[in-house]
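Note that the coordinates shown come from a computational prediction; the quantities given were computed from them, not determined experimentally. Note on naming: letters A, B, ... go to the chains in the order of the sequence lines (proteins, then strands), and numbering restarts at 1 for each one.
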2 protein chains.
Amino acid sequence: MSSDFETELGKEAEMDVSAFRDADDRINPLWIERLRAFIEGHRAEDVAMVMEPLHTSDVGDVLEHLEHDERLALVRILGDKFDYSALTEVDESIRIELMEALPNAEIARGVANLDSDDAVAILEDLGKEDQNEILSALPTFERLSLKRSLDFPEKSAGRRMQTEFIAIPPFWTVGQMIDYLRAERDLPDEFFQIYVVDAGYKVLGTVPLDRVLRSQRAVKIESIMNTSLVLIEASEDQEEAARAFERYDLIEVGVVDDSGRLVGVLTIDDMVDVITEEADEDIKLLAGVGDEDLSDTTIDTVRSRVPWLVINLITAVLVSLVIGLFNGTIEHMVELAVLMPIVASMGGNAGAQTMTVTVRAIAMRELEGGRLRRLIRREMVVGFANGVIFAILIGIITWLRYGNEGLGAVIALAMITNLVVAGTAGILIPLTLNRLKADPAIASAVFVTTVTDVVGFFAFLGIAGLWFGLF
Amino acid sequence: MSSDFETELGKEAEMDVSAFRDADDRINPLWIERLRAFIEGHRAEDVAMVMEPLHTSDVGDVLEHLEHDERLALVRILGDKFDYSALTEVDESIRIELMEALPNAEIARGVANLDSDDAVAILEDLGKEDQNEILSALPTFERLSLKRSLDFPEKSAGRRMQTEFIAIPPFWTVGQMIDYLRAERDLPDEFFQIYVVDAGYKVLGTVPLDRVLRSQRAVKIESIMNTSLVLIEASEDQEEAARAFERYDLIEVGVVDDSGRLVGVLTIDDMVDVITEEADEDIKLLAGVGDEDLSDTTIDTVRSRVPWLVINLITAVLVSLVIGLFNGTIEHMVELAVLMPIVASMGGNAGAQTMTVTVRAIAMRELEGGRLRRLIRREMVVGFANGVIFAILIGIITWLRYGNEGLGAVIALAMITNLVVAGTAGILIPLTLNRLKADPAIASAVFVTTVTDVVGFFAFLGIAGLWFGLF
């Protein structure tokens, strides 16, 4: 690799057409323009020359920067020189678009050289028919190991794992192992530990590479191996696997099948992607955005957002029906219509605060036993304390604004009520959804705001009606 | 470590007081109860026996499960056997609480054996005076290296780095290096690559351990080292460093000072924590929750949430002033008060969707050049399309509900207006905040809902006033 890739972060650099990233680590638009010109001019050698030094992840960024036709032209011009693993670094919609445009034979050639986990990531989005056509064009060993990975459920450890690993018997010495590694040509591209297995491929222990390097040649492997094993079952959800990596600061972990046989390994770089994806998913679900990519088309985006807005419309109409109950009250005292959104809005915000803390605590598996009780108790008290604080504030503001201390008292009472309800709903709704095995990030926000809106308007208009005898 | 730590995920296990985690990977309440009993009975040997097999991260979980006094008692009972690195695994508030309760001399003894990054993580929360007292009790070498890390700004790569690493000259052979590693006692606990440096500690290249193991003894290090280097400057923000790990699938990276001298290394496990923290922060900021831990006290929680609610109160009062402009209009037609929250609520939701997508894209550095233009164009069209869809829906619902087609037309027009504004505000507000070097996650939500509320009420009541001639 050449100096284009020398991304020494924060280093000052001049704006130069040949630098892929500028000093702020952004992609250089001049570089992209030059590539565009090369592609348009069908200058295959120039395209290959500027693409060659790029890291796979940067190749992915280039693809995301280009327009549809340019992407396809780039892949075609590069031909054999296009590294298919770059497809694991782009948005799903771009990957699918490219895969549909490329002939299956070409895809088969491209994935044949990849690590199994990258090949699976590319193939899993395809239809069964295309998958089979591509698989049948691969050598037997690759075909079988990819097939096995693809047979595991989506988002499972088995789907994410890499099937290349190094397994040795426990009676070898360090010296034997080093000689083996020096002689063997067919090793994984990268590895961080060695698996010690019995004849049935059951894992007996693991040896991190640094421990191998510290040990004398005569030392027996079994005497230096880790036996306190963390192993992941292939059918396990990838999110569970990622939590294990986070909790135990793992770099690489063995994946076993139902019978405890070692079938692959997960590495931390894949888990980083899982952790980022899951956090991203939570953020988006909380805001009513589904499984959406930045590269999605307008139609796909509308299609994914409309359902959430329909649900919101239904709850908004429901809330409006509640307000409709107080038609007469409002007619007698139009100030109520002017003030009523304040109570609902404050409740919505306070509820969202508690809900977000709860949803995150559930996602991070932080709520067990005593911690859950403590959180519930705290949020109730916080709801009440905030209720009192903001009741006093809005009570005084309203009194001064309308010169009507009764109206101030009414809005203050409604505020306390709604903030206590907000705290309660903010914690109980996600907990209930979680207990019902639903993802609390998905629906909590809708339920919580519905509750705080309904209670906000009902409490304010109801208390007002009682106070001023308007019923 | 014993079998207690054999967390083979998903494996069925019986509920047994001696198992720390149950089959679902939750902490076993019986185990905690037994520990509590041992602590209360001052049974030091039993406490040590049950704690000994636990992984550091599990020790952290135990601390989080206990009450304040029990925590302190546990640390005291364990004495020398308490592994201070567990303090890096607990919420900040618990760490600070324990550090304040423990004598500085004891803390100094505890951090002396830690990797420098863990020691820094524990010391950085303390006051300057306590820090200096503890540092002065440490051996010179440790003191100087911790001092240097603490001198780097909070959340910088220099703060997070580990100062233990292996650096060798380029002219060594693989054999010489292996002999060195076998002979040297003072190696880092764990390492994944070797740094090749010149006499001034400038990094010339890196060698991953698997490459060392594949190479013959006679091979020169400089002939197998990676020279396409990713290095991080110590003053760089930890988030930038984490992005580099994510982008280039790194496991370990060298940290250099201003003069390019290698001063430490960052490893992926620390970066996983950074990535998780940053995502968590974004989620919480979007919901108006600041830098808050699950273990924070009620008072701290109220204190951290009140400012956000005050801002919301101000905007809610502002919105109510806008409604107040239409006092007369509402008085003439009380249905307007009943319907008006629908338009505002839909705008708020649609705005939140666009805003969340934009905030995440900014955080993930996905918006550059062409992609930004494409996103803006898409969100405008999506806003208009959703506007039309929901204008028709709510128009028909309103017409049927009140038998008044004029009211249906008014709410439909207001809906289109507000959803287009929501899409525009949802993308422009975070982009503007980002350009002003403010964190778009912090304030976007408040601004966006204020805009959609004001426009929602103003458009609906204003159009209604014009349509029905109520001004």
Side-chain angles (χ1 to χ4, degrees), chain A residues 1 5 7-10 26-27 29 55 57 65 181 191 209-210 213-214 228 230-233 236 240 246-249 268-269 272 279 283-284 287-289 294 298 301-302 305 312 316 320 323-324 327 330-331 334 337-339 342 345 349 352-353 356 361 366 368-370 378 381-382 385, chain B residues 1 5 7-10 26-27 29 55 57 65 181 191 209-210 213-214 228 230-233 236 240 246-249 268-269 272 279 283-284 287-289 294 298 301-302 305 312 316 320 323-324 327 330-331 334 337-339 342 345 349 352-353 356 361 366 368-370 378 381-382 385:
Chain A
M1 292 191 206
F5 177 50
T7 332
E8 190 171 310
L9 297 176
R26 289 169 186 278
I27 294 175
H55 187 277
S57 145
H65 265 70
L181 294 176
F191 53 94
L209 299 191
D210 61 338
L213 285 169
R214 291 168 211 241
S228 64
V230 179
L231 293 172
I232 310 271
E233 293 210 354
E236 196 73 29
E240 294 300 325
E246 261 185 288
R247 182 181 295 146
Y248 299 119
D249 291 344
I268 179 76
D269 51 321
V272 167
I283 296 181
K284 289 186 174 159
V289 181
L294 210 55
T298 307
T301 310
V302 171
R305 294 199 197 157
N312 187 59
S320 140
I323 301 174
N327 241 327
I330 296 173
E331 218 154 6
V334 75
V338 175
L339 291 170
I342 297 177
S345 158
N349 263 264
Q353 289 179 332
T356 305
E366 292 184 325
E368 298 176 41
R378 186 188 76 179
V381 179
V382 169
Chain B
M1 294 191 204
F5 176 50
T7 333
E8 190 172 310
L9 297 175
R26 288 169 185 279
I27 294 174
H55 186 275
S57 146
H65 265 71
L181 294 175
F191 54 93
L209 299 190
D210 60 338
L213 285 168
R214 289 168 211 241
S228 64
V230 179
L231 293 171
I232 309 270
E233 295 209 354
E236 196 72 30
E240 293 299 325
E246 260 186 288
R247 182 182 296 148
Y248 299 118
D249 291 344
I268 181 75
D269 51 322
V272 167
I283 295 181
K284 289 185 174 157
V289 181
L294 211 53
T298 307
T301 309
V302 171
R305 292 196 198 161
N312 187 60
S320 139
I323 302 173
N327 241 328
I330 296 172
E331 219 155 3
V334 75
V338 175
L339 290 171
I342 297 178
S345 157
N349 262 264
Q353 290 179 331
T356 305
E366 292 185 326
E368 299 178 38
R378 186 188 77 179
V381 178
V382 169

**Report entry** Gln353(A) side-chain N/O to Gly288(B) backbone N/O, donor-acceptor pair under 3.5 Å
**Finding:** yes

Query - Asp210(B) side chain to Phe191(A) backbone, donor-acceptor under 3.5 Å - result: yes

Can you tell me which of [options] forms the most heavy-atom pairs within a distance under 4.5 Å of chain A?
{"options": "Ile283(B), Leu209(B), Leu181(B), Val289(B)", "answer": "Ile283(B)"}
{"options": "Asn327(B), Val381(B), Asn312(B), Val382(B)", "answer": "Asn312(B)"}
{"options": "Val338(B), Thr301(B), Val302(B), Thr356(B)", "answer": "Val338(B)"}
{"options": "Glu246(B), Arg305(B), Lys284(B)", "answer": "Arg305(B)"}

Most chain B-contacting option - heavy-atom pairs closer than 4.5 Å, from [options]:
{"options": "Ala385(A), Ala287(A), Ala361(A), Ala352(A)", "result": "Ala287(A)"}
{"options": "Glu366(A), Arg214(A), Arg26(A), Glu331(A)", "result": "Arg214(A)"}
{"options": "Thr298(A), Val272(A), Leu339(A)", "result": "Thr298(A)"}

Query raised in the report: When rounded to the nearest 0.5 angstrom, what distance separates CG in Asp269(A) from CD1 in Ile268(B)?
Result: 7.5 Å

Query raised in the report: Where do Ile323(B) and Ala337(A) come nearest, in terms of heavy atoms and distance?
Result: CG2-O, 4.1 Å

Query raised in the report: What part of Leu294(B) is in contact with chain A, defined as an atom under 4.5 angstrom from a non-hydrogen atom: side chain, backbone, both or neither?
Result: both

**Report entry** Engaged part of Ser345(A) at the chain B interface, taking heavy atoms whose separation is under 4.5 Å
**Finding:**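 Contact with chain B is through both the backbone and side chain of Ser345(A).
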
